[in-house]
Every structure is written in structure tokens, then in C-alpha cells.
Amino acid sequence: MENRTPLIAGNWKMFKTISEAVETSEQLVKLLAGTSGKDVMIAPPFTALSSVSDIIRESCISLGAQNLFWEKDGAYTGEISPAMLVSAGCKYVIIGHSERRQYFGDNDDTVNKKIRAALGFGLIPILCVGESEKERESDYTFSVLDKQLKKGLEGFSLDDLETTVIAYEPVWAIGTGKTATKEQAQEVHLFLRSLIEKEFGDRLSSSIRILYGGSVNPGNISELMAMPDIDGALVGGASLNPDTFSKIVNLVNI
Ligand code: PGA
């Protein structure tokens with residue numbers, strides 16, 4: 001894995017009230033005290049960002065958001081701007097998660113705008129890409145990923161993307177208990193890294209972190225992380241329980 005610092009990111013999705021989020025993050029701070037050499041991020045729902053930020057401020061855990069809107073401010077009822085995320089203490093933002101693409105109309109074009117907005121405010125975008133089960137069965141995996149990655153990153157320069165993180169999340173593996181095999185994941189990660197090399201050159205392709213996501217748990221994290229192009233994980237269900245999430249973090253060797 002060259003010199004890429006592993007990133008283990010927890011996506012809490014639409015789970016946890018403020019008090020539940022506070023309790024979970026307090027436990028995580030204790031369980032992960034002393035962690036070094038790896039980056040850890042949790043993305044609670046918007047309502048809990050500020051409270052969780054206060055708890056994790058002095059810890060090794062960083063804060064992330066699950067989405068943003070690309071405008072600076074304005075009459076956009078229900079939306080959250082990049083500046084609001086920064087002021088709530090966020091360092092990362094997940095963009096283009098398959099659930100957003102599936103249920104809320106996110107597409108390659110809006111994903112591109114969201115990445116631009118995130119970068120403009122100093123947030124680290126985690127761009128999610130992934131094929132559906134039907135697309136994999138029809139042998140469209142690589143063409144789908146090619147389009148999602150190229151369109152998502154269209155118009156950016158090498159320097160813009162220095163901090164950007166990619167997450168490969170096969171839609172058929174999210175929340176289903178079906179993980180891609182380590183070979184399937186490695187094949188896609190290598191494909192994505194080669195695509196980045198072709199588009200932006202080998203400096204970015206060798207430094208960019210590509211996370212795997214989709215039913216990651218303490219039982220499969222080690223074999224996934226042993227693959228040369230897997231640099232971390234985006235964890236959904238298994239990130240909700242502090243014991244399970246900290247186990248995953250601790251199983252990532254550096
Ligand atoms: P899962 O979700 O770990 O519950 O499969 C992953 C994700 O959606 O990021």
C-alpha cells in the first residue's frame with residue numbers, strides 16, 4: 001500500500017439521535033485512545049455534528065458529513081452548505097453515496113458540483129462510486145465506474161484533488177451482508193487507480209486513497225486491507241456499534 005495512510009470511515013446514515021450519537025462518540029474516544037498511523041472518521045447525521053465535534057475534538061477521530069449542497073448560501077430550504085459543515089467541525093464529506101443517487105436524485109453532474117464546493121471550503125470529499133447488481137451481471141461494472149469517476153472528477157486539476165478520497169462501494173454489497181471478495185474489490189481498486197493515472201498522472205494515482213465499502217465487518221477487514229490497492233474502508237452498519245467499529249479500526253495494520 002505504498003505510503004498511503006489508511007482511512008477507516010464510519011457512515012452512520014440516518015441513525016442516532018443527538019444523545020445516542022454523543023454516547024457512541026464518547027465510547028469511541030475511549031476505545032480508540034492511542035490510535036496512531038491511521039485516520040479515523042465518523043459521519044453522524046447533521047443534527048448531531050456539532051455535539052459530536054465537541055466530544056472528539058482532542059481525539060484521533062475526525063468528523064465527516066454525509067452530504068452537502070453546493071451553493072454557499074441562499075433560499076434552499078432543507079439544504080446544508082459547505083460553510084455550515086466547516087463551522088460544525090467537519091473535515092470530510094461523503095459525496096455521491098449510492099443511497100443518495102438512488103433515492104435523492106444525486107447524479108454525476110451534481111456530484112461534480114458537490115466535490116467542487118467541498119474543495120472550495122477545504123473539506124475532504126469522499127467520492128463514492130459503485131455498480132448495481134444488474135450492472136455487474138451484465139458486465140457493465142467497469143464502464144459504469146469509468147463514467148462515475150471521470151464525470152465526478154471532470155474539470156479538476158491534479159492539485160485540486162490532492163486530498164480527495166475515492167470509495168468503491170458495490171451497491172449489491174451495501175447493507176446486504178454480501179461483501180465483494182477481496183479479489184473482486186482489488187480488481188476494481190486497481191482499475192480505478194489506473195484510470196486516475198490516465199486522467200491525472202501517477203503522482204495522484206499513487207497517493208490517492210481508495211476505500212472499500214459494503215458490509216465491511218471485523219471478520220473481513222483484514223483480508224480486504226491486505227490487498228495492495230485497498231487503503232481503508234467506508235463502514236455503514238458495523239460503524240454504529242462502538243465496540244465493532246473500534247475492532248475494525250484496530251484490525252487495520254499500519
Ligand atoms: P454497510 O454500508 O457497511 O452497511 O454495507 C456501507 C455504506 O453504505 O457506506
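We're numbering straight along the sequence, starting at 1. These numbers were taken from a predicted model, which means no experiment stands behind them. Remember, it's 1-based here, ligands and their atoms both numbered in the order they're listed.
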Query raised in the report: With a 3.5 Å cut-off and no angle check, do the side chains of Y168 and E131 form a donor-acceptor pair?
Result: yes

Query raised in the report: Which ligand 1 atoms, with their elements, are less than 4.0 angstrom from a heavy-atom of S215?
Result: 1 (P), 3 (O), 5 (O)

Query raised in the report: What atoms of ligand 1 come within less than 4.0 Å of a heavy atom belonging to A173?
Result: 5 (O)

Query raised in the report: Which atoms of ligand 1 sit under 4.0 Å from any heavy atom of N11?
Result: 9 (O)

Query raised in the report: For N220 and N217, which heavy atoms make the closest approach, and how far apart are they?
Result: OD1-N, 2.8 Å

Query - Any side-chain donor near an acceptor of the partner, S157 and D160, under 3.5 Å - result: yes

Report task. Examine the proximity of ligand 1 to I174 and report which part, side chain or backbone, both or neither, has a heavy atom under 4.0 Å away. Result -> both

Query raised in the report: Sub-3.5 Å donor-acceptor pair from the side chain of E79 to the main-chain atoms of Y76, do we have one?
Result: no

Report task. Examine ligand 1 and decide if any of its atoms is less than 4.0 Å from a heavy atom belonging to A167. Result -> no

Query raised in the report: Would you say G213 has any N or O atom under 3.5 Å from an N or O of ligand 1, going by distance alone?
Result: no

Query raised in the report: Does a donor on one side chain and an acceptor on the other come within less than 3.5 Å for W12 and Q66?
Result: no

Report summary line: Nearest heavy atom to atom 5 (O) of ligand 1, choosing from G236, G175, P170, belongs to G175

Query raised in the report: Can you find an N/O atom of E169 closer than 3.5 Å to an N/O atom of ligand 1?
Result: yes

Report task. Determine yes or no for a side-chain-to-main-chain donor-acceptor pair under 3.5 angstrom, with Y103 supplying the side chain and G105 the backbone. Result -> no

Requested in this report: Could you tell me whether ligand 1 has any atom less than 4.0 Å away from a heavy atom of A238?
Outcome: no

Requested in this report: Among all protein heavy atoms, pick out the one at the shortest distance from atom 4 (O) of ligand 1; state its residue, atom name and that distance to 0.1 Å.
Outcome: G237 N, 2.8 Å

Report summary line: A student checking ligand 1 against G214 at a 4.0 Å heavy-atom cut-off should list atoms 5 (O)

Query raised in the report: Under 3.5 Å, N or O to N or O, is V235 touching ligand 1 that way?
Result: no

Query - Shortest heavy-atom approach to atom 2 (O) of ligand 1 - which of K178, H97, Q66, K13 - result: K13

Query - Side-chain H-bond candidate by donor/acceptor type, T24 with K16, under 3.5 Å - result: yes

Query raised in the report: For R4 and D229, what are the C-alpha separation, side-chain angles and deciding distance, and is it a side chain to side chain contact (heavy atoms under 4.5 Å, CB included)?
Result: CA-CA 10 Å; R4 298 184 290 270; D229 290 292; 4.1 Å; yes

Requested in this report: Could you tell me whether S98 approaches ligand 1 through its side chain, its backbone, both or neither, with non-hydrogen atoms closer than 4.0 Å?
Outcome: neither

Query raised in the report: On the ring face of W70, is K113 found with NZ or CZ under 6.0 Å from the centre and within 45° of the axis?
Result: yes

